[in-house]
Amino acid sequence: MEFVLLCVFLPLVTVAWDGQSDYYYPQYNYGDNDEWVNVYRQGFNFQCPHGQVIVAVRSTFSKEEGSDRLWNYACMPTPQGLGEPTECWWEEINRAGTEWYQTCSNNGLVAGFQSQYFPSVLDREWQFYCCRYSRRCSYSCWLTTEYPGHYGEDVDMMLYTYDHYIRGATTTFSAVDRDRQWKFIVCRMTDFNCQFENA
């Protein structure tokens with residue numbers, strides 16, 4: 001009898017588990033054929049389609065190629081509750097060879113990256129492409145762990161829930177390894193319009 005019950009309920013538990021797994025661990029599409037958005041030592045500009053934001057970042061490092069990285073990003077549509085983006089813009093440039101901290105102004109969410117390589121410092125300058133959704137405000141913000149965990153390693157960062165968004169990043173630069181570590185600033189957004197400005 002116990003064996004029969006196990007045979008009946010085990011498939012149901014497996015189906016229920018798989019359904020939850022798809023929600024919390026979605027398979028991100030990194031674009032056409034999982035190609036990189038840049039080539040070594042070249043600039044690039046990546047923007048998510050209108051109404052989508054960055055949800056995953058992937059990168060690989062090559063010392064032989066000027067201590068540079070290849071990059072790829074995945075986008076997902078924002079929930080209907082956030083509405084359509086009311087404005088989008090490029091934030092200020094973060095200079096190569098320096099540490100920096102930046103969030104999208106006006107409660108914007110990161111929807112793209114622009115970068116230029118500088119051979120004199122073997123590093124890149126960066127800009128965030130940000131989009132604002134009505135007058136929604138961020139809350140419950142936190143920093144991810146460092147990506148990569150050690151200089152020179154691959155990066156594979158994904159947001160595993162649909163209600164968290166990248167608002168910016170802080171980075172450190174190693175003059176010895178000529179590589180950069182990132183901590184992404186991740187926040188939730190209110191379900192209502194805010195009556196105040198919040199950086």
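We use all heavy atoms of the structure for the numbers below, so side chains are in, but hydrogens, waters and symmetry mates are not. Count residues from 1 along the sequence.
- A distance of 9.5 Å separates CZ in F118 from CG in D123, rounded to the nearest 0.5 Å.
- Between the side chains of T172 and Y151, at least one donor-acceptor pair of N or O atoms lies under 3.5 Å.
- No side-chain heavy atom of T171 sits less than 4.5 Å from a side-chain heavy atom of N94.
- F44 has its ring centre less than 6.0 Å from the ring centre of W126.
- By the 4.5 Å heavy-atom criterion applied to side chains, I54 and F184 are not counted as neighbours.
- Between F128 and F113, the distance from one ring center to the other falls under 6.0 angstrom.
- A donor-acceptor pair is defined here as one N or O able to donate and one able to accept, closer than 3.5 Å; such a pair exists between the side chain of Q127 and the backbone of E91.
- A donor-acceptor pair shorter than 3.5 Å can be found between the side chains of S138 and N107.
- Cation-pi geometry between R58 and W36 is met: the NZ or CZ atom falls under 6.0 Å from the ring centre, inside 45° of the normal.
- Residues S59 and W71 have side chains in contact (heavy-atom distance under 4.5 Å, counting atoms from C-beta outward).
- If you chain together hydrophobic residues whose side chains sit under 4.5 Å apart, V155 and L159 fall into the same group.
- Residue Q80 qualifies as open at atom CD: its count of foreign heavy atoms under 6.0 Å is 12 or below.
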